Amino acid sequence: DVRERLTAVRPGYGGRPLVMGILNVTPDSFSDGGQYFEGGGGDPAALVTAGADIVDVGAESTRPGAAAVALEEELRRLGSVLPALAGVRWSVDTRKAAVMAAALDAGAGMINDVSALTHDPAAMALVAARGCPVVLMHHQGEPATMQVAPAYDDVLLEVFDWLAARIDACLAAGIGRERIVADVGIGFGKSLHHNRALLRGLALFHALGVPLLLGASRKRVIEGLAGRAVPVGARLPGSLAVALHGAAHGVQILRVHDVAETVQALAVWRGIEAA
Ligand SMILES: Cn1cnc2c(O)nc(N)nc21
């Protein structure tokens, strides 16, 4: 299952990162406008056909400025896509323990919590009890306001220490290290300067002793690094550039919207070095 795949992809493994395809089931996600939610595109099986190793299903947008979604609404949205997830390896992107439980009951193979199990007091115990893998992502503040004035003395060290502390909390709760993935949380309470420092310093995070996930696909950081205005629908080249940067720094999972394009870019990148 996902756990075996995760532990198989270690720095220096010589493999390619796993590709996590994004399925937003929300009317306000920044990139796909939640077509799936309105019964439009965004089909999980298509993401797998395109080469996704896992599909990340989120029913509460946590993009900058997003309003929180009530539990009932998040469960309703998730329920609307469950039939399309049959036979698909998927993770649930949620901060709520009740949604985690429902997703695991419905076959989710991993929890992806942008709050690193800090938002819902019941989340840590639930993940410990279920024995599933979990992604712990760093964030500063709440989605609605996190980009107003992000501030760090030393973003690399502070994000590292925060993730290390979350991993320790998980270990203390009985969540084994082999079940944990860490993620620096690009764009979650970070300025362009902070995001750039985290991307440059990605290799440092291997010292956490767990696989790393990187998610920068179609995010504003791409516009910042490009040095000019790049509308969200035109950020594929930049997204691929960041994905390959992550791969070159040993990141084990890449969370992306454009699966087929990322898979091809990784294959070419891998093809240069493959034995
Ligand atoms: C849900 N979501 C949006 N961006 C993300 C990122 O960078 N990492 C993870 N783990 N989840 C994300």
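Indexing begins at 1, ligand by ligand and atom by atom, following the structure's order. Because the structure is predicted, anything quoted here is derived from the model rather than measured.
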Which option out of Ile22, Asn112, Val184 puts a heavy atom nearest to atom 11 (N) of ligand 1?
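Residue with the shortest heavy-atom distance to the ligand atom: Asn112.
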
Heavy atom to atom 4 (N) of ligand 1, shortest distance: which of Lys219, Met137, Met20 holds it?
Lys219

With no hydrogens and no angle check, just 3.5 Å: does a side-chain donor-acceptor pair link [X] and [Y]?
X: Thr94; Y: Glu60; answer: no
X: Asp93; Y: Asn112; answer: no
X: Ser115; Y: Asp113; answer: yes

Pick one of side chain, backbone, both or neither for how Arg63 approaches ligand 1, counting any non-hydrogen atom pair under 4.0 Å.
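It is neither; nothing of Arg63 touches ligand 1.
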
Given 3.5 Å as the limit, does a donor-acceptor pair link the side chain of [X] with the main chain of [Y], or not?
X: Asn195; Y: Val221; value: no
X: His245; Y: Val242; value: no
X: Arg166; Y: Ala116; value: yes
X: Asp154; Y: Leu157; value: yes

Kindly confirm or rule out an N or O of Asp93 lying under 3.5 angstrom from an N or O of ligand 1.
no

For [X], the ligand 1 atoms whose distance to one of its heavy atoms is below 4.0 Å:
X: Gly215; answer: 7 (O)
X: Phe188; answer: 3 (C), 4 (N), 5 (C)
X: Val114; answer: 1 (C), 2 (N), 11 (N), 12 (C)
X: Val135; answer: 10 (N)
X: Leu213; answer: 8 (N), 10 (N)

Could you check atom 9 (C) of ligand 1 against the protein and tell me its nearest heavy-atom contact, residue, atom and distance included?
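Answer, as residue, atom name and distance: Asp183 OD2, 3.1 Å.
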
For atom 3 (C) of ligand 1, closest protein heavy-atom neighbour:
Arg255 NH1, 3.2 Å

Classify the ring geometry between Tyr152 and His138 as parallel (under 30°), tilted (30 to 60°) or perpendicular (over 60°).
tilted

